[in-house]
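For reference, the structure is listed below as structure tokens.
Each chain gets a letter, A, B and so on, in the order its sequence line appears, and its residues count up from 1.
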Amino acid sequence: MTDDTVTVFERSRAGRRAFVAPETDVPEVPVEELLPGDAIRERPAELPEISEPELVRHYTTLSSKNFHLDEGFYPLGSCTMKHNPKLHERVAALPGHARLHPLQEPEYAQGALELMWNLQVALGEIAGLPHVSLQPSAGSHGELAGLLLTRAYHEDRGEQRTKVLTPDTAHGTNPATVTMAGYEVVKVGTADDGGVDLDDLREKAGDDVACLMLTNPNTLGLFDRNIEEIARIVHDAGATLYYDGANLNAVMGIARPGDMGFDIVHFNLHKTFTQPHGGGGPGAGPIACSDRIEPFLPVPQVVQRGDSFDFDFDRPKSIGKLRGFQGNFGVFVRSYAYICSLGRDGLKDVSEIAVLNANYLKALLAQPGIEEYLPIAFDRTCMHEFVVSGSGAKDQLGIKTLDIAKRMLDHDVHPPTVYFPLLVDEALMIEPTETETKERLDHFAEVIRSILEEAKEDPEVARTAPHTTPVRRLDEAGAAKRPVVRWRPEADNPGDPERAQKAPASGSGAM
Amino acid sequence: MTDDTVTVFERSRAGRRAFVAPETDVPEVPVEELLPGDAIRERPAELPEISEPELVRHYTTLSSKNFHLDEGFYPLGSCTMKHNPKLHERVAALPGHARLHPLQEPEYAQGALELMWNLQVALGEIAGLPHVSLQPSAGSHGELAGLLLTRAYHEDRGEQRTKVLTPDTAHGTNPATVTMAGYEVVKVGTADDGGVDLDDLREKAGDDVACLMLTNPNTLGLFDRNIEEIARIVHDAGATLYYDGANLNAVMGIARPGDMGFDIVHFNLHKTFTQPHGGGGPGAGPIACSDRIEPFLPVPQVVQRGDSFDFDFDRPKSIGKLRGFQGNFGVFVRSYAYICSLGRDGLKDVSEIAVLNANYLKALLAQPGIEEYLPIAFDRTCMHEFVVSGSGAKDQLGIKTLDIAKRMLDHDVHPPTVYFPLLVDEALMIEPTETETKERLDHFAEVIRSILEEAKEDPEVARTAPHTTPVRRLDEAGAAKRPVVRWRPEADNPGDPERAQKAPASGSGAM
Amino acid sequence: MSRYTGATQEDLREMLGAIGVESLEELFKDIPESVRLGRELDLPPGRSEQEVYEHLAALAARNRSAEDEITFVGAGMYDHYVPSLIDTLLGRSEFLTPYTPYQPEISQGGLQVMFEFQTAISELTGLPVANASVYEGPSAVAAAGYLAKLETRRTRLVASRGLHPHSRAALATHAAGYGMEVVEVPLDEDGATDVEALAAAVDDDTAAAFVQQPNFLGTVEDVGALAEAGKRTGALLVAAADPIALSVLKPPGELGADLCVGEGQPLGNRLDFGGPSFGFFAADQRFIRKMPGRIAGETRDVDGKRGFVLTLQTREQHIRREKATHNICTAQALNALAGVVYLSWLGKRGLVELGELMLRRTHYARETLGLEAINPGPVVREFAVRVPDLPDVMQRSRAAGINPGYPLARDYPEFSDGLLIAVTERRTKEHIDRLASLVGAQVPEGAPA
Amino acid sequence: MSRYTGATQEDLREMLGAIGVESLEELFKDIPESVRLGRELDLPPGRSEQEVYEHLAALAARNRSAEDEITFVGAGMYDHYVPSLIDTLLGRSEFLTPYTPYQPEISQGGLQVMFEFQTAISELTGLPVANASVYEGPSAVAAAGYLAKLETRRTRLVASRGLHPHSRAALATHAAGYGMEVVEVPLDEDGATDVEALAAAVDDDTAAAFVQQPNFLGTVEDVGALAEAGKRTGALLVAAADPIALSVLKPPGELGADLCVGEGQPLGNRLDFGGPSFGFFAADQRFIRKMPGRIAGETRDVDGKRGFVLTLQTREQHIRREKATHNICTAQALNALAGVVYLSWLGKRGLVELGELMLRRTHYARETLGLEAINPGPVVREFAVRVPDLPDVMQRSRAAGINPGYPLARDYPEFSDGLLIAVTERRTKEHIDRLASLVGAQVPEGAPA
Ligand SMILES: Cc1ncc(COP(=O)(O)O)c(C=O)c1O
Ligand SMILES: Cc1ncc(COP(=O)(O)O)c(C=O)c1O
């Protein structure tokens with residue numbers, strides 16, 4: 001009953017209900033007369049039976065076991081966990097948006113099309129690339145779109161290219177996307193200054209290369225000073241230069257991917273443009289591109305005709321559709337509201353303060369008492385984020401980056417991204433974002449200092465952390481070895497207090 | 001910074017802001033030209049300066065320190081803490097309700113007037129008294145209205161009456177209201193069966209008595225079997241019989257105050273009709289009355305004219321206005337939605353299950369291991385609530401009712417109402433409500449059992465409880481002796497970590 | 001079984017068994033047959049959530065709200081913009097669903113909010129003590145009258161005609177209960193309270209004098225002078241005030257007011273056709289133990305940790321019963337939360353920016369309309385004008401989607417052609433110009449509807 | 001400084017000092033002058049919350065939503081009633097604002113929700129394994145194609161013309177990437193997938209066959225027969241399904257489908273002009289290590305307490321990089337939460353009640369309209385008819401406030417006069433009768449618009 005790990009299925013009691021059906025106002029024809037016998041479901045899906053009060057309590061109680069952005073500092077590197085303005089939820093919920101059917105004719109959806117158009121124009125201006133498709137569902141979907149566009153572009157020119165270059169600092173979605181797009185991944189090395197190794201790039205940028213996927217600033221939080229040279233090399237090879245926009249928060253209003261020579265960009269509206277993450281989505285990954293790529297953009301495209309707006313499906317060279325309908329419109333509404341709120345000045349302010357906060361926090365961590373244990377990887381002026389290495393703490397204190405992260409959980413701050421990028425040993429990737437105050441940054445540095453000092457006394461505290469969370473360290477290996485990915489009655493006896501004692505093996509999904 | 005007791009004022013930093021003003025689109029005339037010098041504010045109100053992200057975090061963090069109904073069991077006697085359906089928040093927020101100006105002409109507020117009319121009709125039917133005013137702001141306001149109506153009624157008959165009878169079990173608002181209404185309180189005793197002492201009533205019901213205020217079932221959770229005789233006595237004395245509707249949840253669709261002989265009733269829409277309590281309001285205390293009282297009802301009254309609705313201000317005998325406008329309309333919307341959802345069958349179901357739950361929980365507490373320590377006061381079949389006495393626990397275990405209540409806080413259930421009604425020694429007043437499941441009731445009984453058993457071993461645990469709450473027992477005496485009722489800069493140094501060490505005396509509001 | 005109750009057939013059997021009765025019926029045996037209803041309630045049957053939603057949405061659609069028209073109606077409640085974070089925070093069950101904080105250890109959120117609210121109201125009004133809320137404006141005025149009675153034991157109350165009509169009505173209704181007479185003081189030709197008349201009206205049996213800042217017509221009153229006149233004979237000076245107007249106006253507490261009360265709706269609360277909102281109640285230190293309602297105070301727990309409690313409860317009905325300073329129990333905590341969140345959202349500078357914007361738009365509107373002013377003096381957010389053939393003008397204006405204001409005739413027969421026009425930060429210059437084109441002086445007689 | 005950033009002038013000074021630079025400018029020195037923007041962005045200046053709200057509200061007002069008309073448009077997304085508790089729960093910051101649960105100890109809420117969601121999807125589809133969501137329906141179909149490629153190493157995909165046009169398009173777009181050819185199988189004269197044609201279309205190089213239940217026209221497919229035909233040569237059978245229809249229809253998993261995917265919008269998600277919603281992805285046990293996306297699993301913590309984690313992560317991009325089974329990272333967790341809350345709200349019996357109500361209203365609608373059916377066989381929530389002079393009829397109907405359905409011409413030129421009509425629990429008999437009076441067979445030719 002009060003075991004807070006009981007699933008909603010275990011709370012089920014036959015006969016309870018939260019739902020009451022609207023009255024049946026049409027003839028009650030037996031189902032058997034309306035459906036072929038062998039198509040009729042025999043046993044109903046075993047969904048929970050629960051009253052509204054208990055349903056609300058179940059999920060309210062679950063929610064309280066999540067750490068969240070409105071609770072505290074969330075410096076998850078590469079994820080841009082900035083404040084989510086509440087206005088955005090209000091405007092997204094307006095019935096004119098929330099209850100608008102995706103197949104409503106454009107004539108009756110002019111407000112929505114104008115919003116999409118305005119957002120496209122704004123994103124194009126921010127990226128410095130004029131043509132935008134809002135369709136991709138997330139960043140990785142945008143990456144896929146980018147490579148499909150690249151393929152279409154080369155095929156249109158009669159070229160067959162088989163390789164895509166990604167730096168060894170690249171985010172995992174980059175190589176994964178390359179494979180899904182039917183290309184072969186070729187890694188490019190990183191130079192001592194944290195940028196792309198130009199010699200390695202020159203060597204690998206042959207005429208079989210379709211694209212170089214880059215994020216700039218890169219996942220080390222460093223701006224690649226050689227970006228123009230990189231663009232030249234890539235373009236000389238006839239390849240496209242793709243901009244992974246996950247780190248765009250560093251350069252809005254300051255420098256534009258298009259001006260750096262990128263051909264295609266994706267935006268993570270759920271990062272830079274503050275769509276709430278929702279515990280793993282939804283997001284949106286619009287793409288912007290140059291004139292030569294434009295013919296291949298997905299359908300439909302929003303177009304302006306006089307002072308009204310329409311969808312253009314008639315795009316013979318288009319790669320087609322990446323998903324249903326027009327994309328995650330509800331996300332567009334929020335990001336558009338954000339851009340309207342901040343405007344040209346506010347967006348630049350965002351990047352300036354994001355970079356200020358990152359460099360300030362970096363300076364705090366470069367203090368004695370911390371830097372010996374968490375040396376900064378590639379110590380240069382960083383952009384919106386930076387990476388430190390837990391190597392020192394591991395060698396001198398015997399606590400791993402994981403231990404430091406877990407101990408942070410007891411201090412009510414969210415740990416940074418850990419063990420990424422891969423080329424930094426015991427990496428901690430820290431992105432404070434612009435919406436955090438100096439007090440929050442000071443406090444975070446103090447937390448790290450106190451964890452390190454505590455570890456000098458007794459490393460065991462960190463090694464066994466967390467100690468104050470709803471659960472402590474979990475057996476992930478066991479979970480993967482004998483996966484239990486759904487609840488089953490035979491495994492979990494509803495309300496049985498002993499259930500917590502049972503081995504996870506029980507209820508194994510083997511069937 | 002992370003001290004979770006820091007006030008929003010202490011989080012202030014000069015220059016921060018959450019608000020951005022709309023542009024000034026009219027001439028920027030200096031304030032001095034628009035206002036007389038001695039009327040102009042010299043120093044701005046010292047409100048906090050804080051960014052939106054930190055403002056959201058401040059109040060979100062505060063909220064998480066409240067126990068709430070969506071978290072667990074809340075059997076606060078006399079308060080009817082039933083589930084608050086989420087639908088009600090949705091319909092109350094519809095712009096047609098939420099942004100409707102109270103002085104909109106009736107012609108343009110027909111939906112609102114029809115809603116109020118329908119609610120009046122429903123409440124009248126439930127109470128068995130045909131005439132309803134929705135105007136009072138809460139139960140105690142309804143009580144005041146009831147006595148003002150009584151005064152007007154008697155004065156209209158040329159009678160001057162000076163006394164109002166209230167049982168010694170009455171809720172504090174009853175006697176307090178009597179005084180505010182300019183009457184003298186006369187207490188009526190309680191008989192052995194928990195009902196009104198008829199002899200005492202007969203004795204005191206003289207022609208100087210204006211009214212008897214009663215709640216039935218009463219605050220012991222017992223239905224007064226002699227209600228008809230009581231009505232006879234009161235009416236023979238020429239007094240009115242007032243029904244404190246706080247306990248109406250026990251009898252909806254089963255018995256009606258009007259049919260019991262009551263002249264005036266108030267409803268607590270925030271109890272019986274599930275307006276969320278909001279941590280201490282808002283509520284609404286509509287009143288219903290009989291024909292002879294009707295002429296005195298407040299203005300305006302909602303009236304039906306043909307198939308449209310209007311406000312009637314022309315009521316010469318009316319007691320006038322109890323407050324501004326028409327009452328707490330937003331509360332009416334929720335309670336009306338509730339009545340529509342449940343309907344005639346559902347409302348009766350509410351009372352039946354409320355009474356079932358109370359009697360079941362009472363039976364659980366009448367088990368050995370509990371009943372010795374918490375004997376049931378006036379052990380009869382109860383209605384929607386019942387009262388136990390902590391006398392046994394005090395004598396045999398050395399823990400007071402307060403200790404038991406405080407220890408419950410460590411078990412994540414809200415304690416019952418304590419030390420009320422006054423005539424029960426160490427009272428615990430328990431009202432589970434109909435929206436609780438059997439599992440919740442069973443669990444609550446187990447919590448009580450475990451607290452009592454623990455106390456047998458070591459009463460100190462309860463005496464020093466709670467142990468797991470955001471704060472532990474607080475110095476209420478000190479708070480009242482040297483009241484600090486607002487924050488002051490000189491008292492509390494923003495962000496000063498030592499501040500928690502300071503004596504409460506500092507920051508005394510003496511000025 | 002409804003969707004809100006959980007007792008299954010099986011539960012029912014087990015529970016009745018444990019109680020030791022056969023049926024639900026038996027549980028009601030104490031209710032005499034003769035008072036049983038013995039039939040179903042004459043109400044419709046229950047409906048699904050969806051059907052109830054559709055029904056209430058249909059009703060709402062038959063109201064013309066500030067979402068549907070441009071409204072210049074104020075007269076006590078105003079169409080301010082309510083920031084989104086208020087919806088989010090008030091929607092949190094942690095704030096929405098608890099009862100009054102009787103168990104402080106698990107109610108620190110609500111209690112600290114009350115403490116912060118009291119601080120903000122104290123700052124606005126310039127008085128050291130504020131409670132955690134009363135019902136709303138007019139009944140707050142009545143509560144002030146009751147405090148004055150308890151304090152002075154006198155029997156007369158003097159009220160300016162500039163006090164909101166509903167406040168005067170509520171004061172009279174409540175005073176009839178606690179046995180006091182209410183005397184009215186007229187307005188002078190500028191629409192301000194007549195100071196001499198006030199001075200003349202108060203006598204040795206006067207418990208309190210009531211004024212409003214700005215008054216019902218929007219006039220900025222000379223509170224200092226009124227306080228001097230009103231307190232001449234030892235009566236309390238009660239100032240009702242618009243909290244937003246106090247952004248630019250000197251706090252009544254600094255001008256001699258003993259009590260400052262008012263309607264809190266402008267502070268982050270919706271219009272809601274008149275409620276729920278909240279009333280605020282601030283007082284001089286010497287009245288702290290005679291205040292109505294809940295008051296949160298700061299204290300320490302047994303470990304010395306800062307915490308908050310309901311304090312001075314010996315004033316209250318649940319302790320003091322017939323000797324309580326007021327009968328209020330459930331107040332308006334959630335609405336007060338909206339109030340303090342709103343004030344924190346505006347912040348020290350924002351409140352002033354908002355007030356000055358309103359002030360300037362108000363004067364711009366009065367000038368642009370160019371109609372004869374009923375109160376030609378300084379106004380803050382509202383002003384009254386005479387409108388020739390008002391009914392037609394109202395017609396025409398509303399047909400054009402603009403609600404031009406509140407006609408004064410009902411409350412002030414002496415201003416039968418009077419229109420009270422309110423401006424907020426939501427009423428832009430463009431709205432005002434459109435209003436002027438419809439009801440302004442330069443509109444040609446009998447222009448087409 | 002914007003309202004979302006907190007750095008005051010004083011902060012700025014201190015922070016630059018601590019960093020050891022003179023100005024913000026200096027922090028950007030690594031960016032070559034030549035790629036600097038060197039001007040302001042060509043965008044409007046920032047605006048207040050109120051002004052942004054008014055702007056977006058004005059845009060929203062220019063859409064005709066299901067709040068403004070009675071709509072019978074479905075075709076993949078449906079106007080179901082979303083219960084209020086979903087707004088409340090999804091609005092809680094605890095669910096709304098966290099990232100993907102990389103730190104399970106402080107993410108048990110989100111992880112348990114995923115586990116419950118997977119259980120519900122598994123129950124609906126009759127397949128033992130489900131992931132925690134993919135983007136939406138059509139891309140879920142494409143993801144199924146990719147799994148089939150990884151599993152079989154074959155190069156052909158066979159898809160029924162009854163599969164949603166967007167699913168076929170997305171499948172083709174993605175397949176062009178991972179190098180597969182898509183072959184289409186026609187519908188028979190009853191608007192169902194031609195079983196023989198399917199059997200003929202699959203060959204030894206076919207990785208998967210795709211069908212949809214019910215299909216795009218609303219036809220209830222004979223999934224059993226299609227599975228037999230489709231799997232003839234060892235291809236996987238992928239069934240796209242409408243989760244609500246599975247209330248009354250046999251789960252594809254029980255009829256031989258290897259994978260069942262679909263659009264989750266009908267499960268408690270808003271229309272939102274097409275997104276965000278969620279896609280679900282369920283599979284037979286043998287594919288558990290080839291699934292795309294996040295999967296939550298049950299485990300224990302060091303104290304033996306039950307807990308949940310993201311599991312089988314060696315499938316995923318952040319671990320496996322170029323060898324990952326899919327590139328998806330951010331998915332649709334919040335929408336999936338709405339899905340499982342919705343299913344728990346309906347409950348075991350409620351889902352069936354809802355499905356049967358829809359089923360009956362759908363057949364009632366088809367009979368009442370009395371138009372020539374394109375798919376005369378059994379339908380569940382949607383059906384296609386031929387409408388003489390469709391454009392005029394559309395006109396007339398919309399003028400009367402009813403959107404009668406989705407014209408098939410764009411996606412199915414062969415049904416140039418075809419109209420796809422969808423019914424939900426929100427479309428009452430009265431709505432249907434009004435529809436019939438406007439577009440039904442008995443409507444006189446050229447009735448007045
Ligand atoms: C650098 C980088 N690239 C790409 C992605 C993938 O974006 P999404 O999660 O929206 O698919 C991320 C997100 O974590 C990222 O940090
Ligand atoms: C029996 C009884 N009467 C009256 C009241 C007062 O109602 P309200 O708090 O709405 O003023 C209450 C509320 O606690 C009560 O329980």
Could you walk me through whether A:Arg16 and C:Asp11 pass the side chain to side chain contact (heavy atoms under 4.5 Å, CB included) check?
CA-CA 11 Å; A:Arg16 293 204 184 134; C:Asp11 292 336; 2.9 Å; yes

To the nearest 0.5 Å, what is the distance between [atom1] ([X]) and [atom2] ([Y])?
X: C:Thr8; Y: A:Arg13; atom1: OG1; atom2: CZ; result: 9.0 Å
X: A:Ser64; Y: C:Glu94; atom1: OG; atom2: CD; result: 8.0 Å
X: C:Arg3; Y: A:Leu55; atom1: CZ; atom2: CG; result: 13.0 Å

In this structure, are over 12 heavy atoms from other groups packed under 6.0 Å from C:Arg426 atom CZ?
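It does: C:Arg426 CZ has more than 12 such atoms within range.
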
Name the region of A:Glu23, side chain, backbone, both or neither, that has any atom closer than 4.5 Å to a heavy atom of chain C.
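For A:Glu23, backbone and side chain are both near chain C.
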
I'd like to know if A:Arg90 pairs up with C:Asp87 as an ion pair, taking the criterion as any Lys NZ or Arg NE/NH1/NH2 lying under 4.0 Å from an Asp or Glu carboxylate oxygen.
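Yes.
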
Residue among A:Val91, A:Leu87, A:Val56 with most heavy-atom pairs under 4.5 Å to chain C:
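Option with the greatest count: A:Leu87.
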
Which pair of non-hydrogen atoms, one from A:Ser51 and one from C:Gly6, has the smallest distance, and what is that distance?
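For A:Ser51 and C:Gly6, the tightest heavy-atom pair comes out as CB-CA, 4.4 Å.
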
